[in-house]
Amino acid sequence: MTERTSIHGQWSNRLMFVLAATGSAVGLGNIWKFPYITGENGGGAFVVVYLACIAIVGVPIMMAEVMIGRRGRQSPINTMRTLARDEKAGRAWVLLGWGGVLAGFFILSYYSVIAGWALSYVFRTAAGMFNGVTADGVQSIFTELVSDPERLLAWHTLFMVMCMVVVARGVRHGLEKAVRILMPALFVLLLLLLGYAYNTGAFDQGLDFLFTPDFSKVFYKCKILSGVESCRFDGGPMLVAMGHAFFTLSLGMGAIMVYGSYMPKGSSITVSATMIAVLDTAVALIAGMAIFPIVFANGLEPAAGPGLIFQTLPIAFGAMPGGHIFGTIFFTLLVFAAWTSGISLIEPAVAWLVENKSMTRVRASIWVGMSVWLLGLGSIFSFNIWSGEGYQLFGKTFFDLLDYLTANIMLPMGGLLIAIFAGWSMTRESSVDEFNMSFSLFYLIWRVLIRYITPVAVVIVFLNAIGVVDWLLSKNLLW
Ligand code: PFF
């Protein structure tokens with residue numbers, strides 16, 4: 001096959017792809033979401049499932065997504081159209097690209113609201129608002145912020161503008177440079193927080209919560225029915241863990257695919273994907289190890305929900321010498337981590353508008369950014385004027401619904417289809433050619449994973465969550 005080139009340009013070198021994709025992967029998902037969903041889902045056992053999903057599902061799908069992107073060298077929608085034609089697969093594969101664009105819109109709309117919280121905390125910490133603050137004090141500062149829709153709107157708007165500016169300028173200018181310095185700086189600051197957590201006196205308790213799995217507590221729901229305890233398997237937390245593996249690695253919606261389409265030909269997909277997954281997981285685990293000791297040392301609730309880091313970390317910054325400086329730097333870096341993820345969420349849509357509607361990048365970014373901004377209003381209101389039960393569906397607010405729908409359904413579905421396309425629709429010759437690795441052992445392992453293990457794992461977790469496995473077990477139909 002003749003080598004395609006992307007009309008949007010290419011990363012300047014091999015390392016830049018890894019940095020940019022790591023920039024996409026490392027974000028609020030690692031530092032904000034991972035700790036709070038781990039807290040809500042009981043800790044250790046949840047972490048074990050999450051790590052297993054990263055290895056069995058995440059890494060093979062990341063390799064597949066990069067491979068597909070680099071072969072198609074266009075926006076995910078057009079890449080899927082072109083490759084489906086090349087491989088003589090059905091035309092419906094283009095829907096995978098569209099689904100990804102939609103998921104990106106949905107995710108960024110609430111992601112930007114949370115990034116707005118982080119933005120506001122930069123200024124609050126800098127102003128010394130948290131100096132010597134108590135746990136109660138931090139909680140009321142947080143509540144006051146989220147119950148004010150106007151303030152949330154201002155920060156959400158600012159964050160969306162930041163994303164639009166970078167995407168409009170093209171990924172190579174500015175972004176590449178920023179990622180190079182900011183990602184290592186974030187890592188160092190997290191280590192510093194870890195050092196603080198080590199000295200809180202509750203470090204062991206934090207580690208215990210995070211790394212000692214108690215499967216019976218997390219995956220079984222027990223009820224007392226007329227004096228007798230009856231327990232049943234609950235697949236919900238497992239789906240959340242798998243969904244988070246997709247979310248944290250930016251998989252299943254074309255973000256990694258579009259970044260892969262700007263990857264130079266010679267780079268190794270296997271090495272890059274493994275590096276990205278390891279770095280991403282390390283950041284999440286360090287964040288967890290830094291946050292839970294602070295939670296326990298201050299008598300806070302690990303299941304506090306989305307406000308968890310905003311109600312715990314300021315206590316640490318308020319108590320340590322020079323804390324308001326470190327705090328300011330920390331929240332700034334968190335904003336940058338969110339920024340480098342946010343842009344990857346709209347890049348697929350922008351690239352498509354440029355390719356198909358002959359728009360300039362600037363116009364395309366404005367259109368996409370404005371639509372996402374509008375949708376974000378729903379998430380803003382979820383924390384205040386729409387927080388009541390009258391505005392909920394299945395007991396979830398608009399924000400909760402979007403989060404659940406994208407992370408736990410759309411991304412795993414997208415990932416499953418990517419695995420099927422890469423493993424079954426593409427010929428062996430095509431994937432071998434794109435991986436550039438002939439019939440090596442690595443290729444063989446990947447191929448077995450992507451054809452059999454990964455899709456089956458995703459399907460089992462889905463069936464689990466809707467209770468099918470429990471039902472089969474109860475009817476003695478499984479073994
Ligand atoms: N991976 C990002 C995070 O963990 O914060 C979020 C994300 C970015 C999800 C890009 C999906 C995506 F396509």
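Values in this document were obtained by computation on a predicted structure and should not be read as measured data. Every number for a ligand or one of its atoms is a count from 1 in the order of the listing.
Residues meeting the ring-ring contact (aromatic ring centres under 6.0 Å, His included) test with W446, sequence neighbours left out: F435, Y443. Shown here are the side-chain contact (heavy atoms from CB on, under 4.5 Å) partners of T82, two or more places apart in sequence or in another chain: R4, Q74, R85, D86.
With contacts defined as side-chain heavy-atom distances shorter than 4.5 Å, the pair E87/S430 qualifies.
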What pairs of donor and acceptor atoms, side-chain ones from residues 395-403 against any protein atom, are under 3.5 angstrom apart with sequence neighbours left out?
from	atom 1	to	atom 2	distance (Å)
T397	OG1	D400	N	3.2
T397	OG1	D400	OD2	3.1
D400	OD2	T397	N	3.3
D403	OD1	K33	NZ	2.9
D403	OD1	Y110	OH	3.1

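In this structure, R81 forms no cation-pi arrangement with W93, as its terminal cationic atom is not both closer than 6.0 Å to the ring centre and no more than 45° off the ring axis.
In terms of modelled atom types and a separation under 3.5 Å, the side chain of Y50 and the main chain of H244 share no donor-acceptor contact.
Pocket lining of ligand 1, defined as residues with a non-hydrogen atom under 4.0 Å away: S24, A25, G27, L28, G29, N30, Y111, F247, T248, S250, M253, A255, S341, S344, L345.
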